[in-house]
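Contents: one structure, followed by commentary.
Just so you know, these numbers come straight off a predicted model, no measurement behind them.
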Amino acid sequence: MTATADGKVIATATRTDCGWHVTTCPRPLDRNAAITALMLAERLITHGEDDPCAQEWRRELGRD
């Protein structure tokens, strides 16, 4: 899976034996969390750090 902004890949998620590895997250995730991490990467690029959705997704991922 990939997240893109302005036609450029900004993050990728790859399935491994221990879960999903997302380039923007240091630990393995389950599939749903990997999708959230990709959405977060895209949201941060398009809406910035102060976006309420980005803040909530960071909290959900334990990255706040």
Taking it one step at a time, do Leu40 and Thr24 satisfy side-chain contact (heavy atoms from CB on, under 4.5 Å)?
CA-CA 9 Å; Leu40 173 60; Thr24 59; over 6 Å; no

hydrophobic_cluster_shared for Val9 and Leu38, side chain cutoff 4.5 Å
no

If you round to the nearest 0.5 Å, how far is CH2 of Trp57 from CD1 of Ile35?
12.0 Å

Got a second to check how far Ile45's CD1 is from Thr4's OG1, nearest 0.5 Å?
11.0 Å

Can you tell me how far the CZ atom of Arg27 sits from the NE2 atom of His21, to the nearest 0.5 Å?
12.5 Å

Can you see which heavy atom on Ala34 is nearest to which on Ala13, and at what distance?
CB-CB, 4.4 Å

Which pair of heavy atoms, one from Ala41 and one from Ala11, lies closest together, and at what distance?
CB-CB, 4.0 Å

Is there a side-chain contact between Glu49 and Leu44 (heavy atoms, below 4.5 Å)?
yes

Flag the pair Arg43 and Glu56 as a salt bridge only when some basic side-chain nitrogen lies within less than 4.0 angstrom of an acidic carboxylate oxygen.
no

How long is the span from the SG atom in Cys53 to the CZ atom in Arg58, to the nearest 0.5 Å?
13.0 Å

Please report the closest heavy-atom contact between Trp20 and Met1, naming both atoms and the distance.
CZ3-CE, 3.5 Å

Same cluster for Ile10 and Met39 if Ile/Leu/Val/Met/Phe/Trp/Tyr side chains link at under 4.5 Å?
no

Using every non-hydrogen atom in the two residues, find where Leu61 and Ala37 come nearest and quote the distance to one decimal.
CD1-CA, 3.7 Å

Step through the shown structure and confirm whether more than 12 heavy atoms of other residues, nucleotides or ligands are within 6.0 Å of CG on Asp30.
yes

What's the spacing between Thr2 OG1 and Lys8 NZ if we round to 0.5 Å?
15.0 Å

When rounded to the nearest 0.5 angstrom, what is the spacing between NE2 in His47 and CD in Glu42?
9.5 Å

